[in-house]
Chemist: 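My structure is below; once you've seen it, I'll send some questions.
Residue numbers start from 1 in every chain, and the chains themselves are labelled A, B, ... in the order their sequence lines are given, proteins ahead of strands.
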Amino acid sequence: MKSFTYEKAASPAAAADAAARTEGAKFIAGGTNLLDLMKLEIEAPTHLVDVNGLALDTIEETPAGGLRIGALVRNTDLAADNRVRRDYAVLSRALLSGASGQLRNKATTAGNLLQRTRCPYFYDTDQPCNKRRPGSGCGALDGYSRQHAVVGASAACIATHPSDMAVAMRLLDATVETVRPDGETRSLPVADLHRLPGDTPEIETALAPGELITAVTLPAPLGGTHFYRKVRDRASYAFALVSVAAVVQADGTGRVALGGVAHKPWRIAAAEAELPRGAKPVADALLAQARPTKDNDFKLPLVQRTLAAVLAEARG
Amino acid sequence: MQGPNDVTRRDVLAAGAATVAGTLAPTGAQAQSGQGAPPAAPSASGAGASPQPARAAVSLKVNGTVRDLDLDTRTTLLDALREHLHLTGTKKGCDHGQCGACTVIVEGRRINSCLSLAVMHDGDSVTTIEGLGTPEALHPMQAAFVAHDGYQCGYCTPGQICSAVAVLDEIKAGIPSHVSADLTAAPEPSADEVRERMSGNICRCGAYSNIVEAITEIAGRPA
Ligand SMILES: Cc1cc2nc3c(=O)[nH]c(=O)nc-3n(C[C@H](O)[C@H](O)[C@H](O)COP(=O)(O)OP(=O)(O)OC[C@H]3O[C@@H](n4cnc5c(N)ncnc54)[C@H](O)[C@@H]3O)c2cc1C
Ligand code: SF4
Ligand code: FES
Ligand code: FES
């Protein structure tokens, strides 16, 4: 690990300012992703701005009937919140399917959204990786790509976004609130937070340098039946090969988003319109642009079958 | 008979841990961390980019005692406990949040001490395996692990036990899990729940079934 200086931020604006002022600075929240990467020197911040002291750890009801979730609310606490369990079960389920109890106790809402890919070539500093070292090539493209993206990828990068929570947030049309180093605040749909890799896989989000996430807001509850079905190599404590987040209404309409298939949570309006017609047309629409590799083409039928299982359960 | 056997085994485990700490751990830890950065003295390794690695004063309340430390900012909570406070009961397995050997209880919650910086815990209360019980007065969870043979080599055991104690608190607090059928109901300390909640603690010896028995026995006991 490279040496770094450390400060505890006193306010959100001060945190953003501190991060922008020091070249190579990064925020640290739970640290469960950043420290892992710092140990491997994949991340090498020169200065850490610890945001844990900021009072961003509450969940409040909004005037619009939704919830405003502080950036520092721990994954455990978000999943266990009674309002989330009752009205946004897909979010509780997604969180509880991720990582371990120990990790969820530390992991924060913002940190979870901003966790980096689990591509093994990204993690192995001896391998080429355009995300880690722009221009060095993509080790996964001609390598072993079982876990990688089947849709929305590029010739530069076929990594997936590993977060389960983000898939539920996308399904729920969550909004991300931020403060920038100049003190300006803004909000952006979580749909616009993560980028597709394109030619610049190293640029992963729409956030500006030093921009701090302060909260994530959920609109009013959708009703319906909530599902988060995660398919993985072990029954617990493993990243998704494919995951399906869905809210299905009594009339068969609803929403669906996929995890484990793309560089960001994958949701397409045209696919949702097909929901009353069953899993195949939904999967076809979601994956119309799919370009799987020889190692991960199993994800296409897996998405359809997982969707079919979810819709069967929704019908009861 | 409440075994002299059991006590002997516990003593052997404790002695084993101390020996490992004194002789094998530094090499083992280096090999597993994959960085070649000795956890004992990162500042002396020359690995840092800056000639003067940053340091910070950190005060931890460990097992009830306040301990003041002056640490390289890179020091994880795990290394602070093991290398600086010589509390070698907490183990380093993977050093990357994947195995749970380093599990300790901070401010009442279990975390992976390898994925947390000591400086981020200034002022926090930390409970390690040494603080749960003593060889003379085992914590009930420690005694249950002994009674059920919830280990073979014992390396994962301190993390398993710290995790298990916190798991039962989490169930009592009503925190649901991936296998809770009804999200809005209070979770039960069933074997399925225990298995899911303990999935962050890997046991290479595969003592899982005995570990689950030990924990469910304690869970079933009226508090
Ligand atoms: C063994 C293991 C298994 C895992 N399994 C899963 C899994 O199955 N599913 C899953 O979804 N996740 C999984 N994870 C990942 C885990 O969910 C993330 O590590 C965690 O959510 C990150 O949150 P954090 O608060 O610890 O982030 P940190 O590590 O503190 O930060 C992550 C990033 O976010 C930035 N950041 C943090 N807070 C802010 C903020 N407020 N504003 C702007 N930037 C910020 C940091 O600078 C950093 O770049 C696993 C992790 C491990 C180690
Ligand atoms: S898929 Fe992306 S993250 Fe993985 S090696 Fe290629 S460029 Fe790097
Ligand atoms: S040593 Fe911390 S989880 Fe393995
Ligand atoms: S007892 Fe050996 S690793 Fe668990």
Side-chain angles (χ1 to χ4, degrees), chain A residues 1-8 24 28-41 44 46-48 50 52-53 74 76-77 79-82 84-86 88-90 92-107 123-125 226 228 230 234-238, chain B residues 33-35 37 42-43 47-56 72-76 95-98 100 102-104 106-107 109-117 119-122 159 162-163 166-167 170 173-180 182-185 195-202:
Chain A
M1 206 188 291
K2 300 278 193 216
S3 183
F4 55 84
T5 48
Y6 169 89
E7 76 174 278
K8 268 189 181 311
I28 187 161
T32 61
N33 189 229
L34 185 56
L35 282 170
D36 187 14
L37 295 169
M38 283 169 64
K39 288 181 182 195
L40 298 166
E41 297 189 0
T46 55
H47 183 65
L48 283 185
D50 182 349
N52 284 285
R74 307 290 154 172
T76 298
D77 299 319
D81 184 270
N82 284 328
V84 176
R85 283 152 83 171
R86 188 187 63 217
Y88 305 94
V90 63
S92 271
R93 288 284 181 207
L95 283 159
L96 294 171
S97 77
S100 66
Q102 289 95 315
L103 289 161
R104 292 192 297 270
N105 279 343
K106 286 238 88 190
Y123 262 79
D124 182 345
T125 49
H226 291 220
Y228 190 79
K230 179 174 176 179
R234 292 191 294 236
S236 183
Y237 202 22
Chain B
S33 75
Q35 316 329 306
S43 56
S50 77
Q52 286 266 288
R55 301 188 72 83
D72 186 309
T73 51
R74 288 173 287 188
T75 313
T76 60
D95 211 20
H96 284 275
Q98 299 174 358
C102 65
T103 303
V104 298
V106 176
E107 297 287 309
R109 310 184 118 197
R110 57 179 172 146
I111 64 165
N112 305 97
S113 60
C114 71
L115 281 191
S116 216
L117 293 171
V119 286
M120 295 171 70
H121 291 288
D122 190 35
C162 286
S163 200
V167 159
E170 288 166 14
I175 295 169
S177 88
H178 175 62
V179 300
S180 306
D182 180 355
L183 259 192
T184 53
R195 261 184 228 110
E196 161 62 23
R197 289 166 194 265
M198 291 295 293
S199 72
N201 291 86
I202 310 295

Chemist: Heavy-atom pairs under 4.5 Å with chain A - which of B:Cys114, B:Ala173, B:Gly100 has more of them than the others?
Modeler: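 Winner by heavy-atom pair count: B:Cys114.
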Chemist: Where does A:Lys230 contact chain B at under 4.5 Å (heavy atoms): side chain, backbone, both or neither?
Modeler: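 Neither part; nothing is under 4.5 Å.
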Chemist: Please confirm whether the backbone N or O of B:Asp95 pairs with a side-chain atom of A:Lys39, one donor and one acceptor, at under 3.5 Å?
Modeler: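 The answer is yes, because a donor-acceptor pair under 3.5 Å joins these two groups.
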Chemist: Considering residues at least two apart in sequence or located in another chain, which fulfil the side-chain hydrogen bond (donor to acceptor under 3.5 Å, both in side chains) criterion with B:Arg195?
Modeler: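 Counting only residues at least two positions away or on another chain, B:Arg195 forms a side-chain hydrogen bond (donor to acceptor under 3.5 Å, both in side chains) with B:Asp192.
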Chemist: Select one option (side chain, backbone, both, neither) describing which atoms of A:Ala29 are under 4.5 Å from chain B's heavy atoms.
Modeler: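 Backbone only.
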Chemist: Among all residues two or more places apart in sequence or in another chain, which pass the side-chain contact (heavy atoms from CB on, under 4.5 Å) test with B:Arg109?
Modeler: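 So B:Arg109 forms a side-chain contact (heavy atoms from CB on, under 4.5 Å) with A:Arg74, A:Thr76, A:Asp77, A:Asn105.
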Chemist: So which of B:Asn112, B:Ile175, B:Thr184, B:Asp122 has the biggest tally of heavy-atom pairs under 4.5 Å with chain A?
Modeler: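 Winner by heavy-atom pair count: B:Asn112.
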Chemist: Where on A:Asp36 is there a heavy atom nearer than 4.5 Å to chain B: the side chain, the backbone, both, or neither?
Modeler: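 Contact with chain B involves both backbone and side-chain atoms of A:Asp36.
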Chemist: Among A:Lys106, A:Arg104, A:Arg86, A:Arg93, which has the most heavy-atom pairs under 4.5 Å with chain B?
Modeler: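 So the answer, after comparing A:Lys106, A:Arg104, A:Arg86, A:Arg93, is A:Arg93.
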Chemist: Verify whether one side chain among B:Arg110 and B:Ser163 offers a donor that lies under 3.5 Å from an acceptor in the other.
Modeler: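 Yes, a side-chain donor-acceptor pair sits under 3.5 Å.
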Chemist: If you count heavy-atom pairs under 4.5 Å between each of B:Val106, B:Leu117, B:Leu115, B:Val179 and chain A, which one has the most?
Modeler: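 Top count of heavy-atom pairs under 4.5 Å with chain A: B:Leu115.
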Chemist: Can you tell if the side chain of B:Arg197 reaches within under 4.5 Å of the side chain of B:Glu170, non-hydrogen atoms only?
Modeler: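 With C-beta onward as the side chain, the pair touches.
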Chemist: Is the side chain of A:Asp81 donor-acceptor paired with the backbone N or O of A:Val84 at a distance under 3.5 Å, no angle test?
Modeler: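 Present.
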Chemist: Let's test your reading of the structure: which of A:Ser100, A:Gly31, A:Ser236 forms the most heavy-atom pairs below 4.5 Å with chain B?
Modeler: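 With the most close heavy-atom pairs to chain B, the winner is A:Ser236.
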Chemist: Would you say the side chains of A:His47 and A:Thr5 form a donor-acceptor pair under 3.5 Å?
Modeler: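 A donor-acceptor contact under 3.5 Å links the two side chains.
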Chemist: Pick one of side chain, backbone, both or neither for A:Ala89, based on which atoms fall under 4.5 Å of a heavy atom in chain B.
Modeler: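 For A:Ala89, heavy atoms of backbone and side chain both lie under 4.5 Å from chain B.
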Chemist: Sort A:Leu48 into side chain, backbone, both or neither according to what part of it lies under 4.5 angstrom from a heavy atom of chain B.
Modeler: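 Just the side chain, heavy atoms under 4.5 Å.
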Chemist: Is it the backbone or the side chain of B:Ile202 that comes under 4.5 Å from a heavy atom of chain A, or both, or neither?
Modeler: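 For B:Ile202, the contact with chain A is made by the side chain alone.
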Chemist: For A:Ala44, is it the side chain, the backbone, both, or neither that has a heavy atom closer than 4.5 Å to a heavy atom of chain B?
Modeler: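 It is neither, since no heavy atom gets under 4.5 Å.
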Chemist: Any side-chain donor paired with an acceptor under 3.5 Å for B:Thr103 and A:Gln102?
Modeler: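 Distance-only check passes for B:Thr103 and A:Gln102.
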